[in-house]
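Below, chain A is the first sequence line, B the second, and so on; all start at residue 1.
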There are 2 protein chains.
Amino acid sequence: MDIKTSCLGVLALRPASGYEIRKAFEEGPFSHFAEGGFGSIYPALSKLTGEGLVTFEVEAQEKRPDKKIYQITDAGRATLVEKLCEKAPDDDKYKSDLLFILFFAGQLPADRIRNVIDDRIAFYQAKLDHLSECGGAGEGSAPDLVRGFGVTVYSAAMSYLQDHRQDFIKLADDNRPAADAAD
Amino acid sequence: MDIKTSCLGVLALRPASGYEIRKAFEEGPFSHFAEGGFGSIYPALSKLTGEGLVTFEVEAQEKRPDKKIYQITDAGRATLVEKLCEKAPDDDKYKSDLLFILFFAGQLPADRIRNVIDDRIAFYQAKLDHLSECGGAGEGSAPDLVRGFGVTVYSAAMSYLQDHRQDFIKLADDNRPAADAAD
DNA sequence: GACCCCCTATATCGGGCTGATATAGGGTTA
DNA sequence: TAACCCTATATCAGCCCGATATAGGGGGTC
């Protein structure tokens with residue numbers, strides 16, 4: 001999904017500033033399947049404004065930059081629905097530095113393998129806790145079902161790492177017995 | 001993982017042309033966690049050659065462009081290990097147009113929801129079949145364990161879609177009862 | 001037999017996106 | 001009191017993606 005459509009999606013839920021849109025990508029209901037930094041969001045909002053798909057009001061703030069609250073227009077909502085229907089969705093993109101590292105576990109020190117796996121398990125746990133907390137939408141709603149997808153996939157990933165942690169470490173150990181064998 | 005390191009990783013397994021490296025990202029053992037198109041791979045190989053991390057030999061071919069077979073050097077292998085150890089790996093990136101569409105299921109026609117879910121279930125099935133087939137590396141090896149991660153996560157994703165297919169369709173139906181109710 | 005699409009194979013280019021940086025003041029924590 | 005993070009907007013370089021160009025062989029279909 002291109003960044004313009006992603007912004008329209010966030011604004012379809014409620015009016016927001018560019019900063020708040022980014023938070024929706026980072027921590028909000030879109031956090032496990034969408035992305036976007038300031039470098040993409042601000043230009044996207046400018047274009048959307050030019051196309052009449054969003055409008056904004058300036059909220060003056062003291063001691064910090066004025067806040068631009070963007071709001072989706074009727075044309076914006078129509079465009080969003082169009083975009084969501086217009087073609088087969090792109091394949092999901094999954095990119096993992098962790099798996100790349102683990103692929104070469106046999107060539108790396110055991111400490112390194114242990115660290116990256118333990119860090120990632122902690123990360124998944126934090127993500128899962130966070131996803132459990134933000135069940136803002138009603139149970140059985142579309143956002144809730146999409147959240148459930150995230151919970152399911154993260155849980156499966158975390159379990160796999162926990163179940164095979166020792167296997168990966170063993171592979172590294174076997175190749176570099178010099179590294180400390182303690183765990 | 002930047003594209004240069006990704007190429008080094010592929011070449012660490014065996015010598016390959018740019019074209020073959022891309023296939024490794026698309027269909028090979030890296031296909032479920034790495035990416036890279038020609039527009040990234042060819043420039044990356046040029047840079048790696050300049051840095052002495054890979055070398056290449058030209059294999060003349062009739063009736064089609066000569067094939068450049070790239071091979072990793074000792075310096076290349078050392079650099080790869082360095083890169084894989086140098087810092088905490090980036091978080092996994094997951095981007096899904098499908099989940100974005102499903103998030104707005106309530107605003108979309110039921111046919112659309114049904115189509116995208118069914119297509120994706122078929123896609124996951126194909127991916128799983130493919131992952132099962134390419135167990136080239138020995139059982140219990142690092143590549144095999146990484147492959148297992150992919151199988152686990154894809155299976156979980158597919159099951160979730162199957163289990164909640166009707167729920168998503170229902171949400172769309174409820175909002176647009178005009179759409180055909182048949183299934 | 002003619003047509004079309006896909007496969008091998010390299011390479012470039014434009015446009016889009018990421019991540020870092022600039023600016024600015026507030027609050028919080030060690 | 002220093003360091004750091006939070007709100008808030010904005011820009012920019014560099015990297016990457018996807019499309020396109022080039023070129024011929026093989027295979028399937030009508």
Side-chain angles (χ1 to χ4, degrees), chain A residues 1-7 10 15-28 30-31 34-51 54 56-70 83 87-95 97 100, chain B residues 1-7 10 15-28 30-31 34-51 54 56-70 83 87-95 97 100:
Chain A
M1 209 58 63
D2 62 49
I3 189 71
K4 276 164 55 182
T5 308
S6 300
C7 288
V10 175
S17 65
Y19 187 83
E20 287 161 346
I21 289 174
R22 181 159 181 261
K23 279 207 303 187
F25 292 149
E26 288 238 308
E27 312 164 14
F30 296 84
S31 62
E35 290 186 347
F38 293 132
S40 326
I41 292 170
Y42 287 120
L45 289 172
S46 295
K47 285 179 209 164
L48 289 170
T49 303
E51 294 166 15
V54 305
F56 67 88
E57 284 173 23
V58 176
E59 189 178 293
Q61 301 204 130
E62 284 173 29
K63 315 282 183 69
R64 85 180 38 172
D66 291 348
K67 204 170 173 178
K68 287 188 194 171
I69 309 284
Y70 288 86
K83 286 280 178 66
K87 61 179 176 67
D90 284 348
D91 290 345
D92 290 2
K93 274 181 198 170
Y94 177 63
K95 204 174 179 186
D97 282 11
F100 194 91
Chain B
M1 209 58 62
D2 62 49
I3 189 71
K4 276 164 54 182
T5 310
S6 301
C7 288
V10 176
S17 65
Y19 187 82
E20 287 162 347
I21 290 173
R22 179 157 182 262
K23 279 208 302 190
F25 291 150
E26 288 238 308
E27 312 163 14
F30 295 84
S31 62
E35 290 185 348
F38 292 133
S40 324
I41 292 169
Y42 288 118
L45 289 171
S46 294
K47 285 180 209 162
L48 289 170
T49 303
E51 294 165 16
V54 306
F56 67 89
E57 284 174 21
V58 175
E59 188 177 294
Q61 301 203 130
E62 285 173 27
K63 315 280 183 71
R64 83 180 40 171
D66 290 350
K67 205 170 171 179
K68 288 187 193 171
I69 309 282
Y70 289 86
K83 285 278 178 65
K87 61 180 176 67
D90 284 349
D91 290 345
D92 289 2
K93 273 181 199 171
Y94 177 63
K95 203 173 180 188
D97 282 10
F100 194 91

What's the shortest heavy-atom distance between [X] and [Y], and which atoms?
{"X": "B/I3", "Y": "B/E35", "result": "CD1-O, 3.8 Å"}
{"X": "A/P43", "Y": "A/S40", "result": "CD-O, 3.5 Å"}
{"X": "B/A60", "Y": "B/D66", "result": "CA-OD1, 3.5 Å"}

Does a side-chain N or O from A/K23 land closer than 4.0 Å to OP1 or OP2 of D/dT7, or not? yes

Contacts of type side chain to side chain contact (heavy atoms under 4.5 Å, CB included), residue [X], not counting sequence neighbours:
{"X": "A/F38", "result": "A/Y19, A/R22, A/Y42"}
{"X": "A/E59", "result": "A/Q61, A/K67, A/I69"}
{"X": "B/S46", "result": "none"}
{"X": "A/K4", "result": "A/D2, A/A44, A/K47, A/L48, A/E51"}

I need the CD-C1' distance between A/E26 and D/dC6, as an integer number of Å. 13 Å

Would you kindly give the CZ-to-P distance between A/F56 and D/dA8, to the nearest whole Å?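 Rounded to the whole Å, the gap is 16 Å.
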
Taking side chain to side chain donor-acceptor pair (under 3.5 Å) as the definition, give me every residue that meets it alongside A/D91, ordered by chain and number, with sequence neighbours left out. none

Closest-nucleotide mapping onto DNA chain C: is B/I69 or A/I3 further toward the 5' terminus? I mean the 5' end.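 It is B/I69, whose closest nucleotide lies nearer the 5' terminus.
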
Of all of residues 34-43 of chain A, which get a heavy atom below 4.0 angstrom from DNA chain D, listed by number?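 Of all residues in residues 34-43 of chain A, the ones placing a heavy atom under 4.0 Å from DNA chain D are A/F38, A/G39, A/Y42.
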
With sequence neighbours excluded, tell me which residues meet ring pair (Phe, Tyr, Trp, His ring centres under 6.0 Å) with A/F30.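 Here the qualifying residues are A/F33, B/F100, B/F103.
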
Give [X] one of three labels, base, sugar-phosphate or nothing, depending on what nucleic acid heavy atoms sit under 4.0 Å from its own.
{"X": "B/K47", "result": "nothing"}
{"X": "A/K4", "result": "nothing"}
{"X": "B/K93", "result": "sugar-phosphate"}

Considering only [options], which nucleotide approaches the side chain of [X] most closely?
{"X": "A/E20", "options": "C/dT10, D/dA8, D/dG18", "answer": "D/dA8"}
{"X": "B/K67", "options": "C/dA9, D/dT7, D/dG18", "answer": "C/dA9"}
{"X": "A/Y19", "options": "C/dT10, D/dC16, D/dC6", "answer": "D/dC6"}

For the helix from C/dG1-D/dC30 to C/dA30-D/dT1, figure out the bend between the end axes, five pairs an end, and round to 10 degrees. 40°

